[in-house]
Amino acid sequence: MGLVMAIAPVVIVGIIVVYVIERLKYNYNQGRLGKKKSKSTQNLLVSLIPIGMLFGCAIGIIFGMFFPVSPVYTVSLGAGIGYLIGFFAYEFYSKEGNNYS
């Protein structure tokens, strides 16, 4: 059971990272990466994925305080899930119809 708990976060986060990178590569090849008109909204757009990772780590730390799970497990899964949520926020915010600037 200890080996599964040690390898599971690496496998889960690895699958998430490969999915996000492949989707970004696909969008780049299609010419659909997000471009915003103003510099501040473009900076927000490119910062969504790292911000999602930070929030995921914070949620993982908070989750680890209340449940008897290894902090390494919760932080790594939190970062991976935050990476995925940040990517979905990037996808939503980078749609051409969404000009919130």
Side-chain angles (χ1 to χ4, degrees):
M1 187 66 178
L3 185 63
V4 172
M5 290 293 285
I7 294 177
V10 174
V11 172
I12 293 169
V13 173
I15 291 170
I16 290 171
V17 168
V18 168
Y19 170 75
V20 169
I21 289 173
E22 289 298 318
R23 286 287 300 173
L24 286 173
K25 187 166 60 169
Y26 175 77
N27 287 341
Y28 176 76
N29 290 337
Q30 298 294 320
R32 292 187 295 173
L33 277 183
K35 296 286 184 193
K36 293 296 180 182
K37 293 178 184 175
S38 72
K39 187 169 177 66
S40 63
T41 55
Q42 182 66 30
N43 287 339
L44 174 66
L45 180 66
V46 298
S47 299
L48 285 174
I49 294 175
I51 290 171
M53 287 181 71
L54 287 174
F55 280 121
C57 282
I59 291 171
I61 290 170
I62 292 169
F63 184 80
M65 280 193 270
F66 295 111
F67 296 99
V69 182
S70 170
V72 174
Y73 185 79
T74 58
V75 170
S76 61
L77 275 181
I81 293 169
Y83 187 72
L84 186 63
I85 291 171
F87 169 71
F88 287 142
Y90 176 88
E91 285 278 311
F92 177 75
Y93 192 61
S94 68
K95 299 282 186 204
E96 290 188 27
N98 295 341
N99 285 325
Y100 298 121
S101 57

Is it the case that one hydrophobic cluster holds both [X] and [Y], taking links as side-chain heavy atoms less than 4.5 Å apart, direct or via other members?
X     : Y     : value
Tyr19 : Leu48 : yes
Val13 : Val18 : no
Tyr26 : Val17 : no
Phe88 : Leu44 : yes
Ile21 : Tyr90 : yes

Quick one: [atom1] on [X] to [atom2] on [Y], what's the gap to the nearest 0.5 Å?
X     : Y     : atom1 : atom2 : answer
Ile12 : Tyr73 : CD1   : OH    : 5.0 Å
Cys57 : Ile81 : SG    : CD1   : 11.0 Å
Leu77 : Phe63 : CG    : CZ    : 9.5 Å

If we only count heavy atoms from C-beta on, is the [X] to [Y] side-chain gap below 4.5 Å?
X     : Y     : result
Ile16 : Phe87 : no
Ile85 : Phe55 : no
Ile61 : Val75 : yes

(request) Of all the heavy-atom pairs spanning Ser94 and Leu45, show the shortest one and how long it is. (result) CB-CD1, 3.8 Å
(request) Could you tell me which non-hydrogen atom of Leu24 sits nearest to which non-hydrogen atom of Ile49, and how far apart they are? (result) CD1-CD1, 4.3 Å
(request) Please assess Phe67 against Thr74 for the test side chain to side chain contact (heavy atoms under 4.5 Å, CB included), listing each intermediate value before the final yes or no. (result) CA-CA 10 Å; Phe67 296 99; Thr74 58; over 6 Å; no
